[in-house]
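None of these values were measured; they are calculated from a predicted model. Order of listing sets the numbers, starting from 1, for every ligand and every atom in it.
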Amino acid sequence: MNQETLDLITNSIKSIQDYPKPGILFRDVTSLMEVPEAYRATIAILAEKYQDQGITKIIGTEARGFLFGAPLALALGVAFVPVRKPGKLPREVIAESYELEYGKDTLEIHKDAIVAGDKVLLVDDLLATGGTIEATTNLVRRLGGDVTDAAFVINLPDIGGEARLQGLGLNVYSICD
Ligand code: PRP
Ligand code: ADE
C-alpha cells in the first residue's frame, strides 16, 4: 500500500465527537464509501493481503462488517457468512453476548454456516474493545471453524482490542489507526 493510497483512505474517514455518547470519537466509514476510489482501494488492499492463504469463508459482523466483508469475499472468490444481531437469521442459530465501547449486545450465526475445516477470516470496519470480534470468534469456534485472522479498516489502538484478540490467538491486521 503506498502512502498516497493510505492518505486517501484515512482522509476519507470522518470523525464525529461525542457520538453516540459523550466522550466517544466516532469514526464514520460511511464517508469512506462515498469516495469510490477509497472504497475500492480498501478492498484491494485486503484482497492482496489475504489471497492465497487458503481462506474458505469470510465473516462480516452486522452491520458495518458487511460493508467490507462481502466485497472482500467476492474479490477473493470465497463464501460470505453474516453474523447478525438477534432475531434476524431465519435458520437455526447459536448466540453470544458481549460488551461494546458504548453498550451491550448479542450476536448470532446460522448453525450450518460453518463446517469443520473451514478456514475463516473475520472482517469488520473497526476494532475498539475487541468485544464484537471476540464474540464472533467464539461463535465460529463453537461450530468447529478455524479462525486465525481478523482484518479491520480502522484500529483504535488505545482501547486495547488488538491485545485482547491476540490473546485469543488471532493475527490482527488493520489499514489505519
Ligand atoms: C461497531 C463496529 C464494530 C464494533 C467495534 O459496531 O462496526 O463492529 O462496534 O467495537 P468493539 O471492538 O468494541 O466490539 P456496532 O456494534 O456499533 O454496530 P453497527 O455495525 O451495527 O453500527
Ligand atoms: N465502534 C466502537 N467504537 C467506535 C468508534 N469510536 N467509532 C466508530 N465505531 C465504533
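Counted by atom type alone, N2 and T5 present one or more donor-acceptor pairs between their side chains at under 3.5 Å. Side-chain atoms of T61 and D124 form no donor-acceptor pair, as typed in the model, at a separation below 3.5 Å.
With a 4.0 Å heavy-atom cut-off, ligand 1 is reached by the backbone of T129 and by its side chain too. Under 4.0 Å from ligand 2, the heavy atoms of L25 that appear belong solely to its backbone.
At least one N/O-N/O distance between A63 and ligand 1 falls below 3.5 Å. Between L127 and ligand 1, not a single N/O pair is under 3.5 Å apart. Geometrically, ligand 1 and D124 share a nitrogen or oxygen pair separated by less than 3.5 Å. Of the N or O atoms in D125, none lie within a sub-3.5 Å distance of an N or O in ligand 2. Polar contact with ligand 1: present for R64 (N/O pair, distance under 3.5 Å). Residue D125 places at least one N or O, backbone or side chain, under 3.5 Å from an N or O of ligand 1.
Within ligand 2, counting atoms from 1 as listed, the ones closer than 4.0 Å to a heavy atom of L156 are 6 (N). Every atom of ligand 2 is numbered from 1 in the order shown, and the set under 4.0 Å from a heavy atom of A128 is 2 (C), 3 (N). Taking every heavy atom of L126 and a limit of under 4.0 angstrom, the matching atoms of ligand 2 come to 1 (N), 2 (C), 3 (N), 4 (C), 7 (N), 8 (C), 9 (N), 10 (C). Close contacts between ligand 1 and E62 involve ligand atoms 20 (O), 21 (O) [criterion: under 4.0 Å to a heavy atom].
Checking side-chain atoms of S15 against main-chain N and O of L25 turns up no donor-acceptor pair under 3.5 Å. The backbone N or O of P86 sits nowhere less than 3.5 Å from a side-chain atom of E108 that would complete a donor-acceptor pair.
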**Prompt:** Should F68 and F152 be marked as a ring-ring contact (aromatic ring centres under 6.0 Å, His included) after you check the CA-CA gap, both sets of side-chain angles, and the distance that decides it?
**Reply:** CA-CA 9 Å; F68 299 95; F152 305 87; over 10 Å; no
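Under a 4.0 Å N-O distance rule, the pair D118/K57 qualifies as a salt bridge. Taking 4.0 Å as the cut-off between side-chain N and carboxylate O, K111 and E92 count as a salt-bridged pair. Salt-bridge formation is not detected for the pair E62/K85: no Lys NZ or Arg NE/NH1/NH2 atom is positioned less than 4.0 Å from an Asp or Glu carboxylate oxygen.
For the ligand labelled ligand 1, residue K85 lies inside the 4.0 Å heavy-atom shell. In this structure, L126 counts as a contact residue of ligand 1, since one of its heavy atoms falls inside 4.0 Å of the ligand. For G130, the closest heavy-atom approach to ligand 1 falls below 4.0 Å. Using a 4.0 Å cutoff on heavy atoms, D105 does not count as a contact of ligand 1.
Cluster membership check: I9 shares its hydrophobic cluster with I43, using side-chain heavy-atom separations under 4.5 Å among Ile, Leu, Val, Met, Phe, Trp and Tyr.
Seen from the ring of Y173, K49 counts as a face-on cation partner, given the 6.0 Å and 45° thresholds.
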